[in-house]
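Here is the structure we will look at, set down as C-alpha coordinates.
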Amino acid sequence: MNVLDSAIAAVVPRLPQSVVGRVSRKYIAGETLDSALDATRALNQCGMSVTLDVLGENIDSAGQADPTVKTYRDALSEMDSRSLDGNISIKLTHLGLRVDRAACEANARAIVADAHRRGIFVRVDMEDSGTTDATLEVFRELRSEFSGVGIVLQSALRRSEADARALAAEGARVRVCKGIYREPKAIAFQDATEIRHSFLRLVDILLGHGCHVAIATHDDELVEKSGHLLEERGGCDGSYEYQMLLGVREDLRRDLVAAGHPMRVYVPFGQDWYAYSIRRLKENPRIAGHIARAMLRRRG
(Lines give C-alpha, C1' and ligand atoms only; values in the text may rest on other atoms or scores of the structure.)
Protein backbone atom coordinates (compact mmCIF):
# COMPACT_ATOMS: atom_id res chain seq x y z
CA MET A 1 0.00 0.00 0.00
CA ASN A 2 1.55 3.34 -0.97
CA VAL A 3 0.93 6.84 0.38
CA LEU A 4 -1.00 7.91 -2.73
CA ASP A 5 -3.43 5.00 -2.45
CA SER A 6 -3.99 5.76 1.24
CA ALA A 7 -4.66 9.42 0.44
CA ILE A 8 -7.13 8.43 -2.28
CA ALA A 9 -8.89 6.01 0.07
CA ALA A 10 -9.46 8.87 2.51
CA VAL A 11 -11.57 10.72 -0.06
CA VAL A 12 -13.46 7.67 -1.31
CA PRO A 13 -16.75 8.86 0.28
CA ARG A 14 -16.64 11.89 -2.05
CA LEU A 15 -16.50 9.79 -5.22
CA PRO A 16 -19.58 10.05 -7.45
CA GLN A 17 -22.14 7.38 -6.59
CA SER A 18 -22.07 6.19 -10.21
CA VAL A 19 -18.34 5.46 -9.93
CA VAL A 20 -18.76 3.61 -6.64
CA GLY A 21 -21.61 1.66 -8.20
CA ARG A 22 -19.43 0.40 -11.06
CA VAL A 23 -16.72 -0.78 -8.70
CA SER A 24 -19.16 -2.32 -6.21
CA ARG A 25 -20.32 -4.91 -8.73
CA LYS A 26 -17.30 -6.98 -7.72
CA TYR A 27 -18.34 -7.07 -4.07
CA ILE A 28 -22.15 -7.08 -4.20
CA ALA A 29 -24.48 -9.55 -5.89
CA GLY A 30 -26.86 -6.84 -7.10
CA GLU A 31 -29.88 -5.25 -5.46
CA THR A 32 -32.33 -8.14 -5.79
CA LEU A 33 -32.74 -11.56 -4.25
CA ASP A 34 -32.75 -13.16 -7.70
CA SER A 35 -29.28 -11.74 -8.42
CA ALA A 36 -28.01 -13.08 -5.09
CA LEU A 37 -29.47 -16.51 -5.81
CA ASP A 38 -27.80 -16.53 -9.24
CA ALA A 39 -24.47 -15.73 -7.54
CA THR A 40 -25.11 -18.50 -5.04
CA ARG A 41 -25.69 -21.10 -7.74
CA ALA A 42 -22.52 -20.01 -9.58
CA LEU A 43 -20.43 -20.33 -6.42
CA ASN A 44 -22.01 -23.70 -5.60
CA GLN A 45 -20.97 -24.91 -9.03
CA CYS A 46 -17.39 -23.95 -8.13
CA GLY A 47 -17.49 -26.06 -4.97
CA MET A 48 -18.25 -23.25 -2.52
CA SER A 49 -21.13 -22.74 -0.12
CA VAL A 50 -22.66 -19.32 0.51
CA THR A 51 -24.01 -17.05 3.21
CA LEU A 52 -26.56 -14.50 2.02
CA ASP A 53 -26.41 -11.13 3.75
CA VAL A 54 -29.11 -8.48 3.23
CA LEU A 55 -27.27 -5.16 3.33
CA GLY A 56 -28.22 -2.60 5.96
CA GLU A 57 -28.00 -1.83 9.68
CA ASN A 58 -29.07 0.69 12.33
CA ILE A 59 -32.68 1.34 11.34
CA ASP A 60 -34.58 4.27 12.88
CA SER A 61 -37.90 2.58 13.71
CA ALA A 62 -39.04 -0.98 14.34
CA GLY A 63 -41.32 -0.94 11.29
CA GLN A 64 -38.35 -0.42 8.98
CA ALA A 65 -37.29 -4.01 9.69
CA ASP A 66 -40.40 -5.52 8.07
CA PRO A 67 -39.02 -5.55 4.49
CA THR A 68 -35.74 -7.04 5.75
CA VAL A 69 -37.53 -9.86 7.57
CA LYS A 70 -39.55 -10.58 4.42
CA THR A 71 -36.44 -10.61 2.23
CA TYR A 72 -34.69 -13.06 4.54
CA ARG A 73 -37.73 -15.35 4.63
CA ASP A 74 -38.02 -15.17 0.85
CA ALA A 75 -34.32 -16.04 0.62
CA LEU A 76 -34.82 -19.06 2.87
CA SER A 77 -37.77 -20.24 0.78
CA GLU A 78 -35.91 -19.86 -2.51
CA MET A 79 -32.70 -21.52 -1.30
CA ASP A 80 -34.80 -24.40 -0.03
CA SER A 81 -36.86 -24.82 -3.19
CA ARG A 82 -33.84 -24.49 -5.48
CA SER A 83 -31.68 -26.84 -3.34
CA LEU A 84 -28.89 -24.28 -3.04
CA ASP A 85 -25.99 -24.76 -0.62
CA GLY A 86 -26.36 -21.64 1.46
CA ASN A 87 -27.38 -20.08 4.75
CA ILE A 88 -27.99 -16.54 6.00
CA SER A 89 -26.41 -13.94 8.26
CA ILE A 90 -28.46 -11.37 10.18
CA LYS A 91 -27.45 -8.09 11.81
CA LEU A 92 -29.52 -7.32 14.88
CA THR A 93 -29.38 -3.54 14.43
CA HIS A 94 -30.95 -4.17 11.00
CA LEU A 95 -33.81 -5.88 12.84
CA GLY A 96 -34.30 -3.08 15.38
CA LEU A 97 -31.88 -3.82 18.24
CA ARG A 98 -31.17 -0.15 18.95
CA VAL A 99 -34.76 1.04 18.70
CA ASP A 100 -36.92 -1.78 20.10
CA ARG A 101 -35.23 -4.80 21.69
CA ALA A 102 -38.46 -6.81 21.94
CA ALA A 103 -39.31 -6.20 18.29
CA CYS A 104 -35.76 -7.13 17.28
CA GLU A 105 -35.98 -10.40 19.18
CA ALA A 106 -39.35 -11.18 17.58
CA ASN A 107 -37.97 -10.44 14.11
CA ALA A 108 -34.87 -12.58 14.69
CA ARG A 109 -36.98 -15.42 16.11
CA ALA A 110 -39.30 -15.37 13.09
CA ILE A 111 -36.34 -15.66 10.71
CA VAL A 112 -34.57 -18.36 12.73
CA ALA A 113 -37.77 -20.39 13.19
CA ASP A 114 -38.35 -20.35 9.44
CA ALA A 115 -34.74 -21.36 8.81
CA HIS A 116 -34.99 -24.13 11.42
CA ARG A 117 -38.03 -25.62 9.66
CA ARG A 118 -36.01 -25.77 6.46
CA GLY A 119 -32.81 -27.06 8.04
CA ILE A 120 -30.89 -23.86 7.19
CA PHE A 121 -28.28 -22.36 9.51
CA VAL A 122 -28.40 -18.71 10.66
CA ARG A 123 -25.39 -16.67 11.73
CA VAL A 124 -26.01 -13.75 14.11
CA ASP A 125 -23.46 -11.18 13.03
CA MET A 126 -21.41 -9.07 15.44
CA GLU A 127 -21.39 -5.30 15.09
CA ASP A 128 -19.73 -2.47 17.05
CA SER A 129 -18.79 -2.92 20.70
CA GLY A 130 -21.86 -1.01 21.91
CA THR A 131 -24.01 -3.97 20.86
CA THR A 132 -21.77 -6.89 21.87
CA ASP A 133 -23.49 -7.81 25.14
CA ALA A 134 -26.99 -7.49 23.68
CA THR A 135 -26.00 -9.50 20.60
CA LEU A 136 -24.64 -12.33 22.72
CA GLU A 137 -27.77 -12.28 24.88
CA VAL A 138 -30.11 -12.50 21.88
CA PHE A 139 -27.94 -15.22 20.33
CA ARG A 140 -28.11 -17.31 23.50
CA GLU A 141 -31.87 -16.86 23.70
CA LEU A 142 -32.26 -18.03 20.10
CA ARG A 143 -29.88 -20.93 20.59
CA SER A 144 -31.84 -22.11 23.61
CA GLU A 145 -34.78 -22.65 21.22
CA PHE A 146 -33.07 -23.54 17.93
CA SER A 147 -29.93 -25.54 17.29
CA GLY A 148 -28.89 -24.07 13.93
CA VAL A 149 -27.71 -20.68 15.13
CA GLY A 150 -24.16 -19.31 15.29
CA ILE A 151 -22.38 -16.17 16.43
CA VAL A 152 -19.31 -14.08 15.52
CA LEU A 153 -16.29 -12.95 17.55
CA GLN A 154 -13.96 -10.13 16.51
CA SER A 155 -10.30 -10.67 17.35
CA ALA A 156 -9.73 -6.93 17.62
CA LEU A 157 -11.77 -6.79 20.84
CA ARG A 158 -9.85 -7.54 24.03
CA ARG A 159 -12.87 -9.25 25.57
CA SER A 160 -13.15 -11.84 22.80
CA GLU A 161 -10.84 -14.41 24.40
CA ALA A 162 -13.09 -14.59 27.47
CA ASP A 163 -16.15 -14.72 25.21
CA ALA A 164 -14.54 -17.52 23.20
CA ARG A 165 -13.92 -19.59 26.31
CA ALA A 166 -17.53 -19.16 27.43
CA LEU A 167 -18.94 -19.96 23.99
CA ALA A 168 -16.59 -22.92 23.63
CA ALA A 169 -17.88 -24.36 26.89
CA GLU A 170 -21.40 -24.03 25.44
CA GLY A 171 -20.40 -25.79 22.21
CA ALA A 172 -21.38 -22.82 20.07
CA ARG A 173 -20.66 -22.46 16.38
CA VAL A 174 -18.46 -19.37 16.05
CA ARG A 175 -17.19 -17.30 13.16
CA VAL A 176 -13.85 -15.63 13.93
CA CYS A 177 -12.93 -12.44 12.08
CA LYS A 178 -10.65 -9.48 12.76
CA GLY A 179 -13.45 -6.90 13.01
CA ILE A 180 -13.92 -3.74 10.99
CA TYR A 181 -15.10 -1.24 13.59
CA ARG A 182 -12.94 1.54 14.98
CA GLU A 183 -12.85 0.96 18.73
CA PRO A 184 -10.92 2.73 21.53
CA LYS A 185 -7.61 1.31 22.74
CA ALA A 186 -9.08 0.50 26.15
CA ILE A 187 -11.29 -2.21 24.67
CA ALA A 188 -9.59 -3.10 21.40
CA PHE A 189 -6.17 -4.01 20.11
CA GLN A 190 -4.81 -1.38 17.74
CA ASP A 191 -1.72 -3.17 16.43
CA ALA A 192 -2.17 -5.52 13.46
CA THR A 193 0.16 -8.11 15.00
CA GLU A 194 -1.83 -8.17 18.24
CA ILE A 195 -5.06 -8.59 16.29
CA ARG A 196 -3.57 -11.53 14.38
CA HIS A 197 -2.34 -13.16 17.59
CA SER A 198 -5.79 -12.73 19.11
CA PHE A 199 -7.41 -14.25 16.01
CA LEU A 200 -5.28 -17.39 16.27
CA ARG A 201 -5.92 -17.68 20.03
CA LEU A 202 -9.67 -17.63 19.40
CA VAL A 203 -9.43 -20.26 16.66
CA ASP A 204 -7.26 -22.46 18.88
CA ILE A 205 -9.58 -22.17 21.89
CA LEU A 206 -12.67 -23.04 19.85
CA LEU A 207 -11.07 -25.93 17.96
CA GLY A 208 -9.69 -27.25 21.23
CA HIS A 209 -13.23 -27.57 22.56
CA GLY A 210 -14.51 -29.29 19.42
CA CYS A 211 -16.55 -26.30 18.25
CA HIS A 212 -17.30 -25.68 14.60
CA VAL A 213 -15.16 -22.68 13.65
CA ALA A 214 -15.60 -20.41 10.65
CA ILE A 215 -12.16 -18.95 9.88
CA ALA A 216 -13.09 -15.67 8.22
CA THR A 217 -10.02 -13.97 6.80
CA HIS A 218 -8.30 -12.86 3.61
CA ASP A 219 -4.96 -12.56 5.40
CA ASP A 220 -2.31 -14.98 4.04
CA GLU A 221 -0.58 -15.26 7.40
CA LEU A 222 -3.80 -16.12 9.23
CA VAL A 223 -4.82 -18.64 6.59
CA GLU A 224 -1.43 -20.35 6.85
CA LYS A 225 -1.26 -20.38 10.65
CA SER A 226 -4.88 -21.46 11.03
CA GLY A 227 -3.98 -24.33 8.71
CA HIS A 228 -1.17 -25.29 11.10
CA LEU A 229 -3.64 -25.32 14.00
CA LEU A 230 -5.95 -27.60 12.02
CA GLU A 231 -3.05 -29.96 11.25
CA GLU A 232 -2.01 -30.05 14.90
CA ARG A 233 -5.52 -31.13 15.81
CA GLY A 234 -5.72 -33.86 13.20
CA GLY A 235 -7.46 -31.94 10.44
CA CYS A 236 -10.65 -31.27 12.45
CA ASP A 237 -12.84 -32.87 9.79
CA GLY A 238 -16.24 -31.23 9.65
CA SER A 239 -15.45 -28.77 12.41
CA TYR A 240 -14.26 -25.80 10.38
CA GLU A 241 -14.60 -23.84 7.16
CA TYR A 242 -12.82 -20.88 5.67
CA GLN A 243 -14.93 -17.84 4.85
CA MET A 244 -14.30 -14.94 2.51
CA LEU A 245 -16.22 -12.00 1.13
CA LEU A 246 -17.54 -11.92 -2.41
CA GLY A 247 -14.99 -10.33 -4.73
CA VAL A 248 -12.07 -10.40 -2.27
CA ARG A 249 -8.94 -12.58 -2.65
CA GLU A 250 -10.50 -14.83 -5.27
CA ASP A 251 -7.05 -16.31 -5.96
CA LEU A 252 -6.61 -17.43 -2.36
CA ARG A 253 -10.18 -18.67 -2.28
CA ARG A 254 -9.60 -20.90 -5.31
CA ASP A 255 -6.35 -22.23 -3.86
CA LEU A 256 -8.05 -23.26 -0.62
CA VAL A 257 -10.87 -25.00 -2.46
CA ALA A 258 -8.36 -26.79 -4.70
CA ALA A 259 -6.55 -27.98 -1.55
CA GLY A 260 -9.78 -29.55 -0.31
CA HIS A 261 -10.77 -27.01 2.35
CA PRO A 262 -14.46 -26.16 2.85
CA MET A 263 -15.07 -22.59 1.69
CA ARG A 264 -18.06 -20.33 2.28
CA VAL A 265 -18.47 -16.99 0.50
CA TYR A 266 -20.43 -14.13 2.04
CA VAL A 267 -22.73 -12.76 -0.65
CA PRO A 268 -24.18 -9.35 0.25
CA PHE A 269 -27.07 -7.90 -1.75
CA GLY A 270 -29.78 -5.28 -1.50
CA GLN A 271 -30.56 -1.65 -2.09
CA ASP A 272 -28.38 -0.39 0.76
CA TRP A 273 -25.24 -1.10 -1.29
CA TYR A 274 -23.61 2.34 -1.20
CA ALA A 275 -22.52 2.41 2.46
CA TYR A 276 -21.19 -1.14 2.20
CA SER A 277 -19.24 -0.28 -0.96
CA ILE A 278 -17.66 2.78 0.62
CA ARG A 279 -16.54 0.66 3.58
CA ARG A 280 -15.03 -2.00 1.30
CA LEU A 281 -13.11 0.63 -0.70
CA LYS A 282 -11.83 2.40 2.40
CA GLU A 283 -10.58 -0.96 3.70
CA ASN A 284 -8.75 -1.59 0.41
CA PRO A 285 -6.75 1.55 -0.49
CA ARG A 286 -5.06 -0.19 -3.44
CA ILE A 287 -8.45 -0.64 -5.09
CA ALA A 288 -9.30 3.02 -4.51
CA GLY A 289 -6.00 3.93 -6.13
CA HIS A 290 -6.73 1.76 -9.18
CA ILE A 291 -10.09 3.51 -9.60
CA ALA A 292 -8.56 6.99 -9.48
CA ARG A 293 -5.81 6.09 -11.97
CA ALA A 294 -8.34 4.54 -14.35
CA MET A 295 -10.45 7.69 -14.20
CA LEU A 296 -7.40 9.86 -14.95
CA ARG A 297 -6.45 7.66 -17.93
CA ARG A 298 -9.92 8.07 -19.41
CA ARG A 299 -9.67 11.83 -19.08
CA GLY A 300 -6.15 11.96 -20.53
field: From CA spacing to verdict: salt bridge (Lys or Arg N to Asp or Glu O under 4.0 Å), Arg117, Asp114
entry: CA-CA 5 Å; Arg117 286 192 295 271; Asp114 195 350; 3.7 Å; yes

message: Does any part of the side chain of Asp125, heavy atoms only, come nearer than 4.5 Å to the side chain of His94, both counted from C-beta?
response: no

field: Residue pair Asp133, Arg159: steps toward the salt bridge (Lys or Arg N to Asp or Glu O under 4.0 Å) verdict
entry: CA-CA 11 Å; Asp133 284 328; Arg159 63 172 289 170; 2.8 Å; yes

Spacing of CG belonging to Asn44 relative to OG belonging to Ser83, to within rounding of 0.5 Å: 10.5 Å

message: When you measure from the side chain of Asn107 to the backbone of Ala103, do you find a donor-acceptor pair of N or O atoms at a distance under 3.5 Å?
response: yes

statement: Residues Ser129 and Leu157: closest non-hydrogen pair is CB-CD2, 4.3 Å

Distance in Å, Arg41 CZ paired with Arg82 CZ, rounded so as to fall on 0.5 Å steps: 7.0 Å

- prompt: How long is the span from the CD1 atom in Ile187 to the OG1 atom in Thr132, to the nearest 0.5 Å?
  reply: 7.5 Å

Donor-acceptor contact below 3.5 Å, side chain Ser35 vs main chain Ala29: yes

- request: Would you sort out whether Phe139 and Leu92 count as a side chain to side chain contact (heavy atoms under 4.5 Å, CB included), showing the intermediate values?
  value: CA-CA 10 Å; Phe139 160 70; Leu92 295 183; over 6 Å; no

message: Are more than 12 heavy atoms, taken from residues, nucleotides or ligands other than Gln271, located less than 6.0 Å from that residue's CD atom?
response: no

query: Going by the ring-ring contact (aromatic ring centres under 6.0 Å, His included) test, which pairs reach into residues 113-134, not counting sequence neighbours?
result: His116-Phe146

field: Pairing residues for Asp85 by the salt bridge (Lys or Arg N to Asp or Glu O under 4.0 Å) criterion, not counting sequence neighbours
entry: none

query: Would you say Met48 and Met244 make side-chain contact, with heavy atoms under 4.5 Å?
result: no

task: Identify the two heavy atoms, one from Phe269 and one from Leu33, that lie closest to each other, and give their separation to 0.1 Å.
output: CE1-CA, 3.7 Å

- request: Any chance you could measure Cys177, atom SG, to Leu222, atom CG, to the nearest 0.5 Å?
  value: 11.0 Å

Side-chain heavy atoms of Leu95 within contact of Thr68, under 4.5 Å: yes

- request: Sequence neighbours left out, what passes ring pair (Phe, Tyr, Trp, His ring centres under 6.0 Å) with His218? Give chain and number order.
  value: none

message: Has Asp100 got a side-chain atom pairing as donor or acceptor with Ala62's backbone, closer than 3.5 angstrom?
response: no

task: Evaluate the side chain to side chain contact (heavy atoms under 4.5 Å, CB included) criterion for residues Tyr72 and Asp53: first the C-alpha distance (whole Å), next the side-chain angles of each, then the deciding distance (0.1 Å), finally the verdict.
output: CA-CA 9 Å; Tyr72 272 118; Asp53 178 17; 3.6 Å; yes

Flag side-chain contact, heavy atom, 4.5 Å: Tyr240 against Pro262: yes

message: Under a 3.5 Å distance rule, please check whether Ser226 uses its side chain to pair with a backbone N or O of Val223 as donor and acceptor.
response: no

task: For the pair Ser77 (side chain) and Arg73 (backbone), establish whether a donor and an acceptor sit closer than 3.5 Å, ignoring hydrogens and angles.
output: no

query: Of the non-hydrogen atoms in Leu76 and Ile111, which two are nearest, and what is the gap between them?
result: CD1-O, 3.7 Å

- prompt: Is the charged tip of Arg123 near the ring of Tyr266: under 6.0 Å from the six-membered ring centre and within 45° of its axis?
  reply: no

query: Is there a donor-acceptor contact under 3.5 Å from the side chain of Arg143 to the main chain of Glu170?
result: yes

message: For Met263, is there any backbone N or O sitting under 3.5 Å from a side-chain donor or acceptor partner on Ser49?
response: yes

Interatomic spacing from CZ in Arg175 to OG1 in Thr217 - rounded to 0.5 Å: 10.0 Å

The single option from Leu136, Thr135, Leu142 passing side chain to side chain contact (heavy atoms under 4.5 Å, CB included) against Val138: Leu142

message: Any non-hydrogen side-chain atom of Ser61 less than 4.5 Å from a side-chain atom of Val99?
response: no

message: Are Arg264 and Asn87 packed together at the side-chain level, in the sense that at least one heavy-atom pair is separated by less than 4.5 angstrom?
response: yes

field: Residue pairs involving residues 34-63 (criterion ring-ring contact (aromatic ring centres under 6.0 Å, His included); sequence neighbours excluded)
entry: none

query: Taking all non-hydrogen atoms of both residues, which atom of Ala188 and which atom of Glu183 are closest, and how far apart?
result: CB-CB, 3.5 Å

task: Just do the side chain to side chain contact (heavy atoms under 4.5 Å, CB included) check on Val124 and Val152 with the steps written out, would you?
output: CA-CA 7 Å; Val124 178; Val152 179; over 6 Å; no

query: Which pair of heavy atoms, one from Ala115 and one from Val122, lies closest together, and at what distance?
result: CB-CG2, 3.4 Å

field: Donor-acceptor contact below 3.5 Å, side chain Thr40 vs main chain Ala36
entry: yes

- request: Would you check if the side chain of His209 reaches a backbone N or O of Ala169 as a donor-acceptor pair within less than 3.5 Å?
  value: no

message: To the closest 0.5 Å, what do you measure between CG (Leu206) and CZ (Arg201)?
response: 12.5 Å

query: Between Glu57 and Tyr181, which heavy-atom pair has the shortest distance, and what is it?
result: OE1-OH, 4.1 Å

Under 3.5 Å, sequence neighbours excluded: what are the donor-acceptor pairs made by side chains of residues 250-260?
from, atom 1, to, atom 2, distance (Å)
Asp251, OD1, Arg249, NE, 3.1

- prompt: Hey, mind stepping through Glu137 and Arg101 against side chain to side chain contact (heavy atoms under 4.5 Å, CB included) and telling me if it holds?
  reply: CA-CA 11 Å; Glu137 289 166 7; Arg101 169 77 174 260; 3.0 Å; yes

query: Which residue pairs pass the side chain to side chain donor-acceptor pair (under 3.5 Å) test with at least one member in residues 147-158, sequence neighbours excluded?
result: none

field: Option from Leu202, Leu200, Ile215 for which side chain to side chain contact (heavy atoms under 4.5 Å, CB included) with Val176 holds
entry: Leu202

